[in-house]
Amino acid sequence: MKCYNCDAELSEKDYCTACGADVSKYKKIIYMSHRFYNDGLEKANVRDLSGAIVSLRQSLKFDKTNVEARNLLGLVYFEVGDVVGALTEWVISKNFRAKKNLADDYIEAVQSNPARLDTINQGIKKYNLALHYCYQDSKDLAVIQLKKVVAQNPRFLQARLLLSLLYLEGEQFSRAKRELNKVLEVDVGNTMALSYMKYADQMLGIDDEETGAATGKKKKSDHIRAAESSVTYTSGNEIIIQPADMREPRGASSLLNILIGLIIGVAVSYFLLLPAKIQSARSTMNEELKAISDNSDTKSSRITELEQNVQALQQERDQLQAAIDGYTGANGENQKSDALLQAAKDYLNNPEDHDTPAETIYANIDRDFVDTLATEAYRQLYYKLMSLVGPSTAQKLYESGKSSITQSDYTAAVASLEKAWYFSMAQEEPDASILLALGNAYELAGQSDQARSTYQNIISTFPESEAASKASAALDGEAPTTTEETTTQEEQPAQQTEEQTAAEGDVRNMEDAAAETTQVTPAAE
Amino acid sequence: MINFEEELKKFYPSLEVEDAADAIRQQDLSDMAEVIVSMLKDEKHRSDEG
């Protein structure tokens with residue numbers, strides 16, 4: 001310490017040993033400055049920066065030349081984000097002590113990083129703008145600006161305090177508390193932050209100190225106990241309070257819990273999941289079985305249909321084969337055509353002989369074939385030939401049949417009369433008496449079914465004839481009628497003569513028809 | 001209950017870096033020591049005259 005009058009070093013005396021000036025009061029002032037500096041230093045050490053600022057300012061009020069106090073005040077200002085304040089103190093400090101001053105280092109540190117200084121300056125400008133917004137009642141814009149400021153310079157406590165104030169005004173108490181906590185991390189004795197924190201706690205219902213005394217104490221003690229028995233931390237915007245004595249189960253209890261969990265899992269799987277799985281599998285299987293069954297039914301019906309087709313085709317093939325066999329002989333010749341041609345040839349060779357062609361025709365040609373399958377030329381030739389040889393042959397056989405009946409040879413009678421009816425049937429006017437005689441022969445021969453059928457044929461074919469009434473009587477159980485009653489002897493020669501005359505006139509026509517039949521035969525096959 | 005308007009009055013615009021020089025010049029650097037020295041000098045001056 002130096003004398004204010006002569007600048008000499010002072011001793012422990014209350015006066016200057018050099019000039020004799022009274023320095024007792026001066027010394028007290030300087031000592032007070034030092035005391036406040038020490039107080040400020042202690043507060044700064046425990047991060048009570050607000051208290052440190054007060055003490056250091058007080059120290060400088062007593063002695064503005066206290067460089068240590070001023071440098072420390074600059075540091076505290078810098079710590080709370082007031083860079084201009086810090087620079088101001090350091091520059092003044094440097095003015096009081098130009099050399100060996102820590103302020104030099106501080107100023108150099110700040111000025112050596114212009115980008116950082118510019119960022120800080122931008123933050124200051126935004127803070128001022130936000131404050132301006134607040135005065136204009138544009139709180140939302142102010143909040144936006146202040147968020148940017150604290151993002152750029154997290155230690156700018158004034159910005160955080162203003163932001164927390166805006167949050168409190170907007171009743172966002174949790175956010176305000178978060179900002180205030182960050183302020184208090186830097187400056188634990190910040191009066192404004194503590195005041196705001198208390199208000200936020202009140203609004204959140206955390207601190208009930210202002211309630212009634214008795215209940216207040218109880219609640220406070222409960223709160224303290226709760227605070228002591230819990231751990232509080234902030235995650236994002238949420239404040240999480242976790243019991244302090246909560247411990248994770250360990251060892252055997254953990255194993256037991258895992259075991260219980262596994263058992264519950266298996267039980268759930270068995271009672272809930274497994275039945276559902278089984279049901280699902282069953283339904284799937286049933287659907288598959290149904291599909292297979294449907295497919296099988298479809299195939300079965302298809303097989304049945306195909307079998308029926310095969311059977312029908314087989315029958316058709318047999319019929320066609322039979323028809324082919326009927327057309328062709330063993331050596332491939334057409335038997336029916338040949339027979340007809342042979343009969344025609346025999347007749348042409350000897351027109352008087354009716355028996356030979358008639359026998360050939362009867363032996364080889366049936367009426368069904370002629371009426372259904374034969375060609376038109378074949379049919380015409382057949383009927384022409386039958387008209388030539390048929391009447392006489394029929395009459396002859398009719399007589400033979402009657403003779404056989406007379407002789408009680410009914411089998412021969414049936415054979416003769418069947419043959420006679422074959423030839424008579426091919427005529428334009430068949431002789432019903434032949435058919436009646438055939439019925440009688442059947443009846444006499446004991447072939448009652450055929451006899452009945454023959455009688456019914458007579459009734460239906462010749463309903464107005466006398467033979468029909470006789471056939472009807474025979475069906476009614478009367479005795480068989482003799483054939484002599486059905487045909488008169490006078491009619492037969494006349495009929496035979498007419499037929500022979502017609503046959504002679506048609507010989508040439510028949511030759512033409514025979515030639516045509518020979519050509520048509522392959523088509524008939 | 002916090003009065004926002006009243007609280008807002010506690011906040012002042014922060015000095016920007018460009019304003020540092022003016023701030024230094026306007027700094028009130030008077031202190032107790034200076035006052036005491038002045039008083040002591042005045043007292044001594046009066047005693048010397050008397």
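Lettering of chains follows the sequences in order, A, B, ..., and the numbering in each one begins at 1. What you see below is based on every heavy atom in this structure, not just the backbone, and it leaves out hydrogens, waters and symmetry mates.
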*asked:* Looking at Arg97(A), I'd like to know if its CZ atom is crowded, meaning that more than 12 non-hydrogen atoms belonging to other residues, nucleotides or ligands lie closer than 6.0 Å.
replied: yes
*Looking only at heavy atoms, which two atoms of Pro13(B) and Leu131(A) are closest? And how far apart?*
N-CD2, 3.5 Å
_Atom of Thr88(A), atom of Ala23(B) and distance for their closest heavy-atom approach_ = OG1-CB, 4.1 Å
*Can you tell me how far CZ of Phe62(A) sits from CD of Glu34(B), rounded to the nearest 0.5 angstrom?*
14.5 Å
_Closest non-hydrogen atom pair, Ala33(B) against Ile30(A)_ = CB-CD1, 4.3 Å
*asked:* With a 4.5 angstrom heavy-atom cut-off, is it the side chain or the backbone of Phe156(A) that approaches chain B, or both, or neither?
replied: side chain
*At a heavy-atom separation under 4.5 Å, does Tyr199(A) approach chain B through its side chain, its backbone, both, or neither?*
side chain
*In terms of heavy-atom contacts, does NZ of Lys25(A) have more than 12 from other residues, nucleotides or ligands at under 6.0 Å?*
no
_Exceeds 12 heavy-atom contacts within 6.0 angstrom, atom CZ of Arg35(A)_ = no
*Quick one: what part of Lys27(A) sits under 4.5 Å from any heavy atom of chain B, side chain, backbone, both or neither?*
neither
*With a 4.5 angstrom heavy-atom cut-off, could you sort out which part of Leu162(A) is near chain B: side chain, backbone, both or neither?*
both
*Looking at OG of Ser14(B) and NZ of Lys125(A), how far apart are the two atoms once the value is rounded to the nearest 0.5 Å?*
12.0 Å
*Is it the side chain or the backbone of Leu60(A) that comes within 4.5 Å of chain B heavy atoms, both, or neither?*
backbone
_Return the CE to OH distance between Met32(B) and Tyr26(A), rounded to the nearest 0.5 Å._
13.0 Å
*asked:* Heavy-atom cut-off 4.5 Å, strictly under: side chain, backbone, both or neither for Met32(A) against chain B?
replied: neither
*Distance-minimising heavy-atom pair for Tyr127(A) and Phe11(B)*: OH-CD2, 3.5 Å
*Might you point out which heavy atoms bring Asp22(A) and Leu40(B) nearest each other, and give the distance in Å?*
O-CD1, 3.7 Å
*In terms of heavy-atom contacts, does CG of Asp48(B) have more than 12 from other residues, nucleotides or ligands at under 6.0 Å?*
yes
*asked:* Taking side chain as everything from C-beta outward and backbone as N, CA, C, O, which of these in Ile36(B) sits under 4.5 Å from a heavy atom of chain A? Side chain, backbone, both or neither.
replied: side chain
_Tell me the closest heavy-atom pair linking Lys64(A) and Leu29(B), and the distance in Å._
CD-O, 2.5 Å
*Kindly indicate, with the supporting measurements, whether the criterion side chain to side chain contact (heavy atoms under 4.5 Å, CB included) is fulfilled by Ile29(A) and Val37(B).*
CA-CA 10 Å; Ile29(A) 295 293; Val37(B) 167; over 6 Å; no
*Glu16(B), part contacting chain A, at a heavy-atom distance under 4.5 Å*: both
*In Å, rounded to the nearest 0.5 Å, how long is the span from OG of Ser164(A) to CD of Glu7(B)?*
9.5 Å
*With chain A, which of Lys10(B), Glu43(B), Met39(B), Glu18(B) has the greatest number of heavy-atom pairs at distances under 4.5 Å?*
Glu18(B)
*More than 12 foreign heavy atoms under 6.0 Å from OH of Tyr15(A): is that the case here?*
no
*Asp63(A) (side chain) donor-acceptor with Asp31(B) (main chain) under 3.5 angstrom*: no
